[in-house]
Number of protein chains: 6
Amino acid sequence: MAAVLRILVANPNATQAITDACLALARVAASPGTEITGWTNHDGPAVVDSFHGDYSAGRPLVRGLRTLTPAPDAVVLAGFGNYGTAAVKEALDIPVVSMAEAAMSLAVPLCHRFAIVTTVPRMIAYTQDLVDELGFAARCAAVRAVALPPLDGPQRPDASVAADVAAEVERLRRDTGADLVILGGARLSPCAAALRRLTAVPVLEPVACGVQVAEALVRLGLRQSKAGKYATPPLPWEAYGS
Amino acid sequence: MAAVLRILVANPNATQAITDACLALARVAASPGTEITGWTNHDGPAVVDSFHGDYSAGRPLVRGLRTLTPAPDAVVLAGFGNYGTAAVKEALDIPVVSMAEAAMSLAVPLCHRFAIVTTVPRMIAYTQDLVDELGFAARCAAVRAVALPPLDGPQRPDASVAADVAAEVERLRRDTGADLVILGGARLSPCAAALRRLTAVPVLEPVACGVQVAEALVRLGLRQSKAGKYATPPLPWEAYGS
Amino acid sequence: MAAVLRILVANPNATQAITDACLALARVAASPGTEITGWTNHDGPAVVDSFHGDYSAGRPLVRGLRTLTPAPDAVVLAGFGNYGTAAVKEALDIPVVSMAEAAMSLAVPLCHRFAIVTTVPRMIAYTQDLVDELGFAARCAAVRAVALPPLDGPQRPDASVAADVAAEVERLRRDTGADLVILGGARLSPCAAALRRLTAVPVLEPVACGVQVAEALVRLGLRQSKAGKYATPPLPWEAYGS
Amino acid sequence: MAAVLRILVANPNATQAITDACLALARVAASPGTEITGWTNHDGPAVVDSFHGDYSAGRPLVRGLRTLTPAPDAVVLAGFGNYGTAAVKEALDIPVVSMAEAAMSLAVPLCHRFAIVTTVPRMIAYTQDLVDELGFAARCAAVRAVALPPLDGPQRPDASVAADVAAEVERLRRDTGADLVILGGARLSPCAAALRRLTAVPVLEPVACGVQVAEALVRLGLRQSKAGKYATPPLPWEAYGS
Amino acid sequence: MAAVLRILVANPNATQAITDACLALARVAASPGTEITGWTNHDGPAVVDSFHGDYSAGRPLVRGLRTLTPAPDAVVLAGFGNYGTAAVKEALDIPVVSMAEAAMSLAVPLCHRFAIVTTVPRMIAYTQDLVDELGFAARCAAVRAVALPPLDGPQRPDASVAADVAAEVERLRRDTGADLVILGGARLSPCAAALRRLTAVPVLEPVACGVQVAEALVRLGLRQSKAGKYATPPLPWEAYGS
Amino acid sequence: MAAVLRILVANPNATQAITDACLALARVAASPGTEITGWTNHDGPAVVDSFHGDYSAGRPLVRGLRTLTPAPDAVVLAGFGNYGTAAVKEALDIPVVSMAEAAMSLAVPLCHRFAIVTTVPRMIAYTQDLVDELGFAARCAAVRAVALPPLDGPQRPDASVAADVAAEVERLRRDTGADLVILGGARLSPCAAALRRLTAVPVLEPVACGVQVAEALVRLGLRQSKAGKYATPPLPWEAYGS
């Protein structure tokens, strides 16, 4: 194990403010001796708010992360989505974990069924697909949304967002029996602390989960399997497009 | 219904020879009065042979198809995969169908359980994920692979590939009860005719399926739902990256 | 491909008025050069409104279709149900598709999850079984019902039925996230045009879907697999009952 | 509870020899005080060997059982299939159980995962559909077939059939971990006793299971729910065909 | 078949009043010639109201039942849960059936989808897990709860409990289409008769179901498979703890 | 976060040698600053080799862990099974994770589908149930077994066990496409290092996974939800048995 454990928190979108917010959460979540650095997907979309946003993110994300020097010990992908997570795992030889994978993985030992709250109704379908792809459908009670304002206008205070999420959590408990909530979007992550004061169910903030799972994988000497799905792509990098 | 029905066959990868082969198959499959044009994703990967290839394809695919003038009546995505199919559906207001969706949809009324034969072992996991995402797992008996040579070297004759696929089909029938086979890759499509002479099970060649499903959607006045998952992305196009 | 493509629209029930309504929808949906003929299951039930209706339909349906001369190029079974669809596929050597199969198959590329609206509450369970049998459960958000009057009394105007379905569609969107609706019964098909003016989600009218899928199968030279489930029954026809 | 409990064993096919064999098994399985009578579907198919056979059986089966006088206390449908089981449940007000339902229901408390052995390869798909429809897929390890000779030729001795089934059971144990076998066809039922001497796994003979489950339902005062799927069909009987 | 069939009804908890109530129900449900005896798990928990209650019950349950002399012909485990059912099946050579298994097995031929009503909200998750473990998820529409008072205080009259369950059943029918209800706890069993007067859906009282299924297994000469999951534990009994 | 993080590794069985082996693995896996202590379930079974072993373990496990003073920061349950994991979570207010949960959770971001190798064929069914209960069935390719000698006789060297597991892993890759292996039993854990030298797929040793997941939960301030399934049992402890 390295004396210092270096984790890169990679924001799949181009919005520096989101990277900064994730970085702050990541540093609080990191163990002593872990060094967190941030990375922003400057050629990516302003936000991953659609499948188009998702695919706009993935290509520059892989390219950017593949050529980072020096490589960190692990990468946390700090967006609650897909946006080429598997492609990053193929391209890198170090452990890569998305914050969605990390949050759902850690939810399993903690609850009967978790709910995910996302940031906008149109991302419910996107998030349901994500849950299915990761194989967690049996443990996910529901995906719901609260409404956040557009990214380029004035933002709501964390306490106000937290109140909306808390109300949704109570509806989820009553309707579905969910007993844990995952914040399904980096834009919701900052309200986690306020939300915890408003609800009795555990609140999983995925950036923090991602950091802890990444640390765990490094300490265990594990990374994604290179003996199957995540093997290095067969062609030279330039064959995948300029 | 337009007097002439114009279908664009879009190859998600950058290899013109694959576009040409798909175009030939598409023209044979088209109804009288349908006009087929081809499009190659020149900024995409040489081939979609991995998740990295998939995400390398999606971003330029959307950009290229979004700005085509004049727009065709429908688009067939001529690769057996995902590579941003949902993003294309968001971006366009005309019907978009991938050849994988078309082939699996048409397989449903024709068989008990279909098998998919893909071009290389590492794409089995990729293809299984695709089947799951589309919701066809209950009807898919298995995904198997035959081995094709690299794209940049000499290619095997269709008859030789067909013989390998036919042998795999017999194994699939015996092992899994599959009673229909889908060719799971544009590179396998040209061997369909030869394969049909070697096996008793129906052989679905997905380019042809894509053309026919696209025609059907146009004639029925249908396109992907804009009332949910496939609504136009919320931000201006330039917000998704240069 | 035949110069003229001949599709038989077979109504599994004995009510000529339903055959006529389906025939009208089918002719509008057909491609130029397709010739549509109708067939009524005169020894079948007045309507397939139960499992008893379903099994009452299947036996004379097979017998009637098996002995038609000359055989058409394909058969569309114009009832939203099962009623021996597999038996017809066994008995015939031409492509056979039920309108339920066709509608669900075409829904896949168009939506996240579809809803089905049927004609009477007791058919919800029947239709859920149908969705499961066809393997579309992962893509079906819900089955709901509106109430149609008995077939032998005065019928409601299409606009009135459409208004009820539209209201149900809004509830389905809110409750389940469904973003496409399939009309789950031949009696609902005539209200499709009126319904489309009342809702933003795509409306699939299954008779039209059946015609287009049948045309596609004929053009592609495909029919149900005779190498498994749909092989010709082993005994002489008379061994299956007078 | 009636002093004497009267169970009708209804053979969905027209072959009296199968009725007689089922009747013999049923009488051995019945409790003291239960009276078993047999019924043959004389207008049905010689054997339910296909979906065509299935639908040929269902219509005369319902008609015949609906008008039996006096009605028995319960009906056991003595074929391993569907052939209109739900239609019979709709039509009758007494408990109706198919031998397939009974066998799978009783298998649940006895094993980890059961296997079904059917009589001919083409019935594997049919039987898999049946398992799915009944909701037992999670408990069914596999469906396999042994080959029986045609019904109209010389039959194999029970011991010979039993030896084939026993060999298949050993393969199933090794390949799938199945730890119980259900004989999936009335023609296999007579070999149950011989088979039990050849294998360590429990052998469920479905006619006997059907009799015991039917008795249980009568003693418990239960029948199929008339508050949903199995409500009496809405139209007069003559509306379902002559 | 034994002249007298002896069934032991084993209460997994330590509350004699529950044993007595189950015994009364079991005797009414038993066939003539069946002799019912009761057994109380005196070293078990007062009630199985949690996973802790479940695991507190299982160990003394196995020990107590394993050493009973003389052994009965079959055992019915009279609690609606798991509490080591599989361990009892391993330990005994006679048929063992839990009342939850029996009720769900008998529900299959009687309904489209059953609902389970349990006694306290916290047991909903526990009961959902049970349904999943037994493989009945495809047939279970929902698990809901009514609220019973603590066991050590005054109890509500059966009619009052029945009224609450009946109201819940109506909600279940409307919300989920459930058309049969299973009483999911021994404490609810005594209200079955009152409930039947208040609802049109069949009411399954699991103690009675357990008795009838146990009788059926004995008459059929069946018991849990000893060729797999339920084989006798490999070590001497004393190796499993004092 | 506590300056020192104290993790208890609790062996559900009574065999001190297994506790010691787990303790050694746990200490290697722990982060600097984590203090590992061991605990043996002295009133439990010699080994959890059956459902009887499982239920023999659970009751004393809860009792022993509930009364430990001072409580650690988290508990890792060091057996690859169930044995009352949920009951421990109910009883304790600190995070509790079983090594099976931890290993499967960490496998998700690392592979397409994992395989589990257990220690004896009879535990395959037990382990399949465990995978289903935890909701990981969609990600588990297969459960297989190698054969270990009885615990009370001479043990095989780690290298020899590792060779057997490696051979099984190759079969799993070929048959099922599994690309990661989890060692499904504490007795297999010591061979992990040797196995890693023999196979290209990642090897998850669950004790180590448990320690890292437990650390992560403590650092994140998380524990099992007390707002549902894992709420403290409702009765006084003594009500659950002496």
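Proteins get letters first, then strands, A, B, ... in listed order; numbering begins at 1 in each.
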Which of [range] get closer than 4.5 angstrom to chain B, counting heavy atoms alone?
range                       : answer
residues 79-98 of chain C   : C:K89, C:V96, C:V97
residues 203-211 of chain C : C:V203, C:L204, C:A208, C:C209
residues 163-188 of chain C : C:R173, C:D179

Inset, instruction - Report the distance from atom CG of C:L110 to atom CG of B:L220, rounding to the nearest 0.5 Å. - result: 9.5 Å

Legend entry - From C:H112 atom NE2 to B:Y230 atom OH, the distance as rounded to the nearest 0.5 Å: 8.5 Å

Legend entry - chain C contact via B:V201 - which portion, at a heavy-atom distance below 4.5 Å: both

Inset, instruction - Check each atom of C:Q224 against the heavy atoms of chain B and say whether the ones under 4.5 Å are side chain, backbone, both or neither. - result: both

Legend entry - Portion of C:R223 that has a non-hydrogen atom of chain B nearer than 4.5 angstrom: backbone

Legend entry - Pick from C:A216, C:G228, C:A138, C:G135 with the largest number of heavy-atom pairs that fall under 4.5 Å of chain B: C:A216

Inset, instruction - Grab the two heavy atoms, one from C:A200 and one from B:A227, that are nearest each other, plus how far apart they are. - result: O-CB, 4.0 Å

Legend entry - Side chains of B:S105 and C:P109 in contact at under 4.5 Å (non-hydrogen atoms): yes

Legend entry - Pairing residues for B:R6 by the salt bridge (charged side-chain N to carboxylate O under 4.0 Å, His left out) criterion, not counting sequence neighbours: B:D73

Legend entry - Residue, of B:L134, B:V213, B:L106, B:T199, that accumulates the most heavy atom pairs under 4.5 Å with chain C: B:L134

Legend entry - Qualifying residue for side-chain contact (heavy atoms from CB on, under 4.5 Å) with C:Q212, from B:E215, B:R219, B:Q212: B:R219

